[in-house]
Amino acid sequence: MKDFYLEILHIDKQTGARYGILHTPHGDVEVPMFMPVGTLATVKTLSPEELHQMGAGVILANTYHLSIRPGAEIVQKAGGLHKFMNWDCPILTDSGGFQVFSLAENRKISEEGVTFKNHLNGDKLFFSPEVSIDIQEKLGADIIMSFDECIPWPSSYEYTKKSTERTLRWAKRGLDAHKREDQALFGIVQGGDYEDLRKMCAEELAKMDFPGYSIGGTSIGEPKDKCFEMIEYAIKYLPNEKPRYLMGVGSIDYLLGGIARGVDMFDCVLPTRLARHGALMTSYGRVNIKNEKYKEDFTPLDPNCDCYCCKNYTKAYLRHLHVCEETFGKRLMSIHNIRFLIKLMEGARQAIKEDRFGDYMKATLAAFGDERGF
RNA sequence: GGGAGGGUAGCGAAGAGGCUAAACGCGGCAGACUGUAAAUCUGUUACCUACGGUUUCGGCAGUUCGAAUCUGCCCCCUCCCA
């Protein structure tokens with residue numbers, strides 16, 4: 001598809017991080033970028049207008065969840081996801097592969113696909129590579145994912161090999177089933193933390209010539225160095241000119257570490273979930289807004305932040321809203337956390353363009369001052 | 001004045017002789033969260049010089065090896081009838 005391609009404009013001399021523009025049918029976005037997650041066709045508590053204001057480029061939605069409610073046909077009748085949810089910029093849908101992992105108690109995997117017992121009423125729900133592609137074509141996102149199995153960590157070599165080979169066969173089947181010309185279908189690199197399996201998977205996917213490649217099976221409880229290894233094992237064997245998407249990563253250290261290793265795109269529920277739970281990412285570290293010490297703190301959450309929340313409200317007010325379980329607090333804090341990550345990316349892009357991404361990473365992590373990086 | 005029912009940790013509320021420093025809920029405090037079954041989940045919440053010790057279930061006095069639980073008196077609250 002010619003509407004979709006990555007234009008790499010600069011490579012950071014310190015780290016090899018990439019700056020570029022991703023062209024999509026719904027507009028161009030700069031990378032590296034962070035994509036907020038709107039599983040059910042909404043980034044929880046936020047409006048599209050707010051997301052635009054924060055500088056969000058692409059947002060995610062989920063195939064498994066939308067196929068249950070409201071159903072792919074309804075979204076299709078609505079005119080596709082963009083119209084349905086009033087989001088005119090690019091959308092990426094995940095294939096349901098993550099649910100193979102997260103809903104593992106209620107599913108059975110076979111060569112043909114995965115039979116879920118749907119988490120709402122126990123109905124049988126069969127997902128194959130073809131079914132997932134069909135649903136994603138109906139949803140109509142700009143970027144769609146191959147149906148894979150997100151393998152738990154740790155997993156045995158034998159299981160990882162078996163599953164990764166199956167994911168590869170599924171990728172091929174999805175590719176064959178995919179018809180829409182205005183959607184970029186990404187292949188997903190699995191392989192656990194085994195270098196040879198990651199290599200094999202990446203090389204095989206590269207042969208299939210996807211318009212983009214995802215790195216899956218990370219940020220599911222593995223240690224940070226493992227995650228970075230898995231990224232490196234995969235990226236080494238992926239074509240340079242294609243976009244690389246590290247799935248499910250959203251903490252500051254992982255994001256910066258991913259960029260340094262050549263990742264272009266990230267998504268994560270972390271900023272929105274943390275926000276709803278009163279945990280905030282700031283330039284000086286993590287803030288748990290419900291802590292008593294903020295009761296009378298009438299200063300902004302993050303003096304270095306330009307978001308609507310930080311410009312207009314105090315920590316004491318945010319704490320009050322959170323303690324009272326007021327929805328507005330969740331919105332304000334979601335705005336902040338997402339804006340924080342998007343701003344982190346803006347800084348990263350600028351640093352790459354100026355060949356100082358390594359310094360930027362070091363300084364940002366030092367200022368954050370938390371080993372955990374979120 | 002007569003009758004009935006009550007007083008348990010910050011609040012609500014179980015418990016009706018030892019397994020009870022006292023269930024459970026709320027509130028408080030703290031923590032977790034990474035391609036969203038998450039506006040969710042976990043820990044903690046009498047006091048202390050804290051792998052042990054001290055003082056508790058309206059008050060006082062008893063019964064008992066042992067009492068929040070049984071007895072007596074007192075104080076207070078709620079409801080009904082006058």
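The sequence lines fix the lettering, A, B, ..., with proteins before strands; numbering per chain opens at 1.
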* Structure fact -> The contact string for nucleotides 36-46 of chain B, one letter per nucleotide 5' to 3', using protein heavy atoms under 4.0 Å with B, S and - for base, sugar-phosphate only and none, comes out as BBBBB------
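Spacing between C29(B) and G52(B) at atom C1', rounded to whole Å, works out to 25 Å. Here the separation of A38(B) from U45(B), taken at their C1' atoms, is 25 Å to the nearest Å.
Nucleotide U63(B) forms no Watson-Crick or G-U wobble pair with any nucleotide shown, as no partner meets the under 3.5 Å limit on both distances. Base pairing annotation: A4(B) forms a Watson-Crick or G-U wobble pair with U78(B), both donor-acceptor distances under 3.5 Å. With a 3.5 Å ceiling on both atom-pair distances, the Watson-Crick or G-U wobble partner of U40(B) is A32(B).
Within the 4.0 Å cut-off from OP1 or OP2 of A30(B), at least one side-chain nitrogen or oxygen of Asn291(A) is found.
The pair Arg198(A)-Glu229(A) does not count as a salt bridge, with every side-chain nitrogen at least 4.0 angstrom from each carboxylate oxygen. Glu112(A) and Arg173(A) are joined by a salt bridge, as a carboxylate oxygen and a charged side-chain nitrogen come within less than 4.0 angstrom of each other. A salt bridge is defined here as a Lys NZ or Arg NE, NH1 or NH2 lying under 4.0 Å from an Asp or Glu carboxylate O, and Lys199(A) with Glu203(A) meets this definition.
Counting only distance, with no hydrogens or angles, the side chain of Asn337(A) and the backbone of Pro271(A) share a donor-acceptor pair below 3.5 Å.
Within the nucleic acid shown, Arg319(A) comes within 4.0 Å of sugar-phosphate atoms alone, with no base atom in reach, counting heavy atoms only. Counting any heavy atom pair closer than 4.0 Å across all strands shown, Val323(A) reaches sugar-phosphate atoms only and no base atom. Heavy atoms of Glu326(A) sit nowhere under 4.0 angstrom from any nucleic acid atom.
Each of G35(B), U34(B), C29(B) was ranked by its minimum atom distance to the side chain of Ile188(A); first place goes to G35(B).
A heavy-atom distance below 4.5 Å is not found between the side chains of Leu280(A) and Leu274(A).
At least one test fails for Arg339(A) against the ring of Tyr308(A): distance under 6.0 Å to the centre or angle within 45° of the axis.
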